[in-house]
**Q** 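Just dropping this structure here.
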Amino acid sequence: MDEQALLGLNPNADADFRQRALAYFEQLKISQDAWQVCAEALAQSIYSDDHIKFFCFQVLEHQIKFKYSELTEVQQQLIRETLITWLQAQMLNPQPEKTFIRNKAAQVFALLFVTEYLTKWPKFFFDILSVVDLNPRGVDMYLRILMAVDAELVDRDVVHTSEEARRNTLLKDTMREQCIPSLVESWYQILQNYQYNNSELTCQCLEVVGAYVSWIDLSLIANERFINMLLGHMSVEVLREEACDCLFEIVNKGMDPIDKTKLVESLCQVLQSAGLFSIDQEDDVDFLARFSKLVNGMGQALIASWTKLIKNGDMKSAQDTLQAIEAKVALMLQLLIHEDDDISSNIIGFCYDYLHILKQLSALSDQQKANVEAIMLAVMKKLTYDEEYNFENEGEDEAMFVEYRKQLKLLLDRLAQVSPELLLASVRRVFNTTLQNWQTTRFMEVEVAIRLLYMLAEALPVSHGAHFSGDVTKATALQDMMRTLVTSGVSAYQHTSVTLEFFETVVRYEKFFAVEPQHIPTVLMAFLDHRGLRHSSPKVRSRTAYLFSRFVKSLNKQMNPFIEDVLNRIQDLLELSPPENGYQALLSSDDQLFIYETAGVLIVNSEYSAERKQALMRNLLTPLMEKFKVLLEKLMMAQDEDRQMALADCLNHAVGFASRTSKAFSNKQTVKQCGCSEVYLDCLQTFLPALSCPLQKEVLRSGVRTFLHRMIICLEEEVLPFIPSASEHMLKDCEAKDLQEFIPLINQITAKFKTQVSPFLQQMFMPLLHAIFEVLLLPAEENDQSAALEKQMLRRSYFAFLQTVTGSGMSEVIANQGAENVERVLFTVIQGAVDYPDPIAQKTCFIILSKLVELWGGKDGPVGFADFVYKHIVPACFLAPLKQTFDLADAQTVLALSECAVTLKTIHLKRGPECIQYLQQEYLPSLQVAPEIIQEFCQALQQPDAKVFKNYLKVFFQRAKP
């Protein structure tokens, strides 16, 4: 072997050596006999370096995985002998191999097993067992090989081909017949031999039993001697976690419901008599987490049995099973309420399913009602934050608690289905008690009280948030709690979690303010002062900005008395933050978007006259325009790139804010009706010069483009005079991405204004196309994937543009470009349909071709178009689907084929018998299609039902492709 290259295998080697080692590995993989050198090195223990040994196993692994069939019988025998020799050496070596080498060796053994067990090596496990006997190092390898075999055969995370799945089933069936009983016997011997003196091997063996139990005969494991031994392990500290997992797998195994109930019950009796059900004395949380998972498994297994028995109509056994379930509820509750969230989380499944049973019963016993109440109290307690939760810097622990809270929420929703009255009463009790003394109560308890009120909205669902009408008891309870929330002063509580929960809940129950509008000023003040938008925490300010905009929108007309006051109070929050370093604004620019939107909503929805609305909107937008002009001048003079970027961002924010205010308008309240057209036209005039700024083009253009999109919707035809010059600027020295983003703007104008913009489109049609072709023809690096993707997206945008023009009934825009240009455009569409393997673009191209045939394909169409149809469009309909890249199993491609069928149908519709004659006598014979197939094809094409032809066309090309 190349000793120099092998030096690079060491993780501490420098980059050149590592590169050389990688290249050497690739070279050995291709080489015919390199694996023999590696096999010899392993069998004779030539190398002591761990990384080289690992490397040798990797080469063998590659040989077995990809090139095994190329080996002769003798060579295959050599690989088997190498592995057995290596295994024998393991028991004699003074030091055991490192774990990563043992695991890799086990993988290689497992690969060879999968390849050879059914044919050349049926005694695979017996040969290994005869080598290892009960030698601890040998047993370690044997157990690792078993886990690797299980991973090859049943690992759910590995996606197997149907061929591999069939092979794996056959392997498992053969193992069950030939060796599983012997393997189980070997596991029993290992456990018996090592349970008191080698916990590591015992745990490994328990893991193997747990893995195999899912696919072998359960009676081999679920019998007295095995179960007794496992139960014995449950009281040995170093073994009990693995024993727990092993029992869980046994309980999880699918079986007859009556047998399953018996099995679970017998396990429970033994576990209970061993004292394992008294949780309070147990302080080992890792074990309890596993134990909780086991109890959860037992509970869910019993519930699954109950469901099956009910389904089968066996009421007697179902009743027995239900009693068995009820008997576990006390234990379940102890685990659910445990202060460790992992232990609690592991039992939630059982709890959820138990409530599902109760939901199905016609009436609940007193005990069952007590259970429901106990679960409810447990959920309320467990929803509470603990002291350690870090609100300002949330890490992994905090994320896990948030996930756990989501699980508890599901339980709460399920509780509401079982007993909504009880849930409402319990929440009301906790809420009222806590809020009476909120000043002296710890933050987590106040937060959870408000949180429960918030959660009721989803737990007791109503349509359109109508919580305060309908069921009187519920409406009264919620109304009382909301009144308490907004009048208690709890919004002043000095903790971010309470503050946020207050605002979230107020917005969730916005319909309350329709019933009791007198509380609106109180809540508005909370939003506007140091409790909300001016809070010391940026997190609270940011979330409040969003919630405030939702609150104002939801109150709509009820905001009328407060509009001017609110607008005055938020004035300072609307200021555009200057791009100077170190300036700390209260709100980020993203948060300010919500404040601008809120201001817009307040003005537009007010009952003021159009003049007053216009004046208020001008007050809102004029500072932005003035700032914009100043900043644009500064940008033109800025030398430093960082400074340029900061200024461009700031300009972009100004445009974005103006854009966001326009979201307040609707079909009922248009810009015109509110008298605000002039203000927005002024904005347009202010922002458009940014398009000709040579600096920071991408940022500025993107902002102005978005504003134009909004104005086309809001100002309608009033925007049209600005479009030509804006387009001219945007087409100057632009790149693929600019064009790709500019085309949707033109599409929007075309689709909205149609013939109104025909003159403009005719004028800009070829300049736009030249810009597109220029970018598409730019040479790109062969492996530059992002450039290739940009071109593909631009090509799609180009075809989408042509589709919009033809689809808006404006084919004259293309027709008036002069014969040469028209031809060039048509050829690009044919090329798009046939040459580029992009089904999305191909579909669009066929839509364009169908439309053009429909418009121009009749007798009075443009001169020469009928010729073009037969010479180019008809062939495109066959050449595209015949390409190897046209994959008929792909959904997008099938859509493209469907449009191809429409194109052919349209040609037949416009040209009639002449089209059939051309296909029969000229085109299809030129493709060497058999006469009877030609006949069949033409008949299908003439069917009045388009669907028949679409289906036929798919079959036609499936047959035609090799």
Side-chain angles (χ1 to χ4, degrees), residues 336 348-349 351-364 368-384 402 404-436 445-488 490 497-498 500-517 519 523 547 550-551 554-555:
L336 181 65
I348 285 179
C351 207
Y352 189 77
D353 292 350
Y354 172 65
L355 290 171
H356 187 59
I357 288 188
L358 297 186
K359 192 181 139 196
Q360 295 169 62
L361 300 179
S362 50
L364 299 187
Q368 286 166 331
K369 285 179 188 162
N371 291 345
V372 171
E373 192 156 6
I375 294 171
M376 206 171 287
L377 293 171
V379 170
M380 290 178 183
K381 180 172 186 291
K382 290 301 291 173
L383 276 167
T384 314
V402 169
Y404 170 63
R405 258 188 153 188
K406 285 179 188 167
Q407 289 180 291
L408 291 173
K409 180 196 172 301
L410 292 176
L411 269 187
L412 197 82
D413 293 346
R414 182 51 57 92
L415 281 162
Q417 292 165 7
V418 178
S419 179
E421 305 78 21
L422 184 62
L423 178 63
L424 190 59
S426 306
V427 170
R428 194 175 184 180
R429 190 175 61 245
V430 171
F431 181 85
N432 288 336
T433 313
T434 310
L435 263 79
Q436 267 163 10
E445 287 164 33
V446 180
E447 191 275 345
V448 96
I450 305 172
R451 178 84 182 173
L452 285 165
L453 170 56
Y454 177 88
M455 287 166 103
L456 280 180
E458 273 179 29
L460 309 171
V462 291
S463 64
H464 306 301
H467 291 286
F468 303 97
S469 52
D471 177 349
V472 179
T473 322
K474 187 182 124 186
T476 313
L478 287 172
Q479 208 169 315
D480 286 351
M481 285 190 272
M482 278 303 292
R483 194 180 310 114
T484 304
L485 180 70
V486 296
T487 56
S488 64
V490 74
S497 69
V498 176
L500 282 171
E501 207 53 67
F502 171 82
F503 288 120
E504 297 281 357
T505 307
V506 160
V507 174
R508 168 58 65 91
Y509 290 108
E510 29 95 2
K511 294 268 190 307
F512 166 73
F513 299 95
V515 191
E516 301 195 14
H519 301 296
V523 176
L547 291 170
R550 273 189 49 192
F551 186 66
S554 68
L555 292 182

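No experiment lies behind these values; they were computed from the predicted model shown.
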**Q** Applying side chain to side chain contact (heavy atoms under 4.5 Å, CB included), run through Leu364 and Val418 and close with a yes or a no.
**A** CA-CA 10 Å; Leu364 299 187; Val418 178; 4.1 Å; yes

**Q** Check step by step if side chain to side chain contact (heavy atoms under 4.5 Å, CB included) holds for Met380 and Val427.
**A** CA-CA 9 Å; Met380 290 178 183; Val427 170; 3.7 Å; yes

**Q** Can you name the nearest heavy-atom pair linking Tyr454 to Glu504, along with the distance?
**A** CE1-O, 3.7 Å

**Q** Say you draw a straight line from CG of Leu452 to CG of Leu424; how long is it, rounded to the nearest 0.5 Å?
**A** 11.5 Å

**Q** Just do the side chain to side chain contact (heavy atoms under 4.5 Å, CB included) check on Val515 and Met482 with the steps written out, would you?
**A** CA-CA 11 Å; Val515 191; Met482 278 303 292; over 6 Å; no

**Q** For residues Ala416 and Ala459, report the shortest heavy-atom separation together with the two atoms involved.
**A** CB-O, 3.3 Å

**Q** Does a side-chain heavy-atom distance below 4.5 Å link Leu456 with His467?
**A** no

**Q** Are Arg405 and Arg451 packed together at the side-chain level, in the sense that at least one heavy-atom pair is separated by less than 4.5 angstrom?
**A** yes

**Q** Do the side chains of Lys474 and Val462 get nearer than 4.5 Å, heavy atoms only?
**A** yes

**Q** Taking all non-hydrogen atoms of both residues into account, name the closest pair between Thr487 and His519 and its distance.
**A**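 The pair with the smallest heavy-atom distance is CG2-CE1, 3.6 Å.
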
**Q** For the residue pair Phe502 and Val490, what are the closest heavy atoms and their distance?
**A** CD1-CG1, 4.2 Å

**Q** Are Gln407 and Tyr352 close enough, and set up right, to give a side chain to side chain contact (heavy atoms under 4.5 Å, CB included), and what steps lead you there?
**A** CA-CA 10 Å; Gln407 289 180 291; Tyr352 189 77; over 6 Å; no

**Q** Of all residues at least two apart in sequence or in a different chain, which pass the side chain to side chain donor-acceptor pair (under 3.5 Å) check with Gln479?
**A**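 Partners of Gln479 by the side chain to side chain donor-acceptor pair (under 3.5 Å) criterion, ordered by chain and then number, come out as Glu516.
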
**Q** Working to the nearest 0.5 angstrom, can you tell me the gap between Ser419 OG and Ile375 CD1?
**A** 11.5 Å

**Q** Taking atom CZ of Arg414 and atom NZ of Lys359, what is their separation to the nearest 0.5 Å?
**A** 5.0 Å

**Q** Enter the distance from Ile357:CD1 to Gln368:CD here, rounded to the nearest 0.5 Å.
**A**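 Between atom CD1 of Ile357 and atom CD of Gln368 there are 9.5 Å.
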
**Q** Do Phe512 and Val506 come within less than 4.5 Å of each other through their side chains, counting heavy atoms only?
**A**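 Counting from C-beta outward, Phe512 and Val506 never come under 4.5 Å.
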
**Q** Locate the shortest heavy-atom distance separating Leu415 from Val379; write the atom from each residue and the value.
**A** CD1-CG2, 4.3 Å

**Q** Check whether any side-chain heavy atom of Glu510 lies under 4.5 Å from a side-chain heavy atom of Arg550, and answer yes or no.
**A**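 No, side chains not in contact.
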
**Q** Would you sort out whether Phe551 and Phe513 count as a ring-ring contact (aromatic ring centres under 6.0 Å, His included), showing the intermediate values?
**A** CA-CA 10 Å; Phe551 186 66; Phe513 299 95; 5.3 Å; yes

**Q** Does Thr433 reach the side chain of Glu445, with side-chain heavy atoms less than 4.5 Å apart?
**A** no

**Q** Identify the heavy atoms of Ala475 and Ser469 that sit nearest to each other, and give their distance.
**A**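 Smallest interatomic distance, heavy atoms only, reads CB-N, 4.1 Å.
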
**Q** Give, for atom CD1 of Ile348 and atom CG of Leu410, the distance between the pair rounded to the nearest 0.5 Å.
**A**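 Answer for the CD1-CG pair, Ile348 versus Leu410, is 8.5 Å.
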
**Q** How many angstroms lie between CG in Leu412 and CG in Leu355, if you round to the nearest 0.5 Å?
**A** 10.5 Å

**Q** Would you say Tyr509's side chain and Leu453's backbone share a donor-acceptor pair under 3.5 angstrom?
**A** yes

**Q** Going by heavy atoms in the side chains, are Leu411 and Leu336 under 4.5 Å from each other?
**A**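 In contact.
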
**Q** Given side chains that start at C-beta, do those of Met455 and Lys409 come closer than 4.5 Å, heavy atoms only?
**A**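 Of all side-chain heavy-atom pairs linking Lys409 with Met455, at least one is under 4.5 Å.
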
**Q** Can any side-chain N or O of Glu373 pair as donor or acceptor with the backbone N or O of Lys369 at less than 3.5 Å?
**A**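 Side chain of Glu373 to backbone of Lys369, a donor-acceptor pair under 3.5 Å: no, none is there.
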
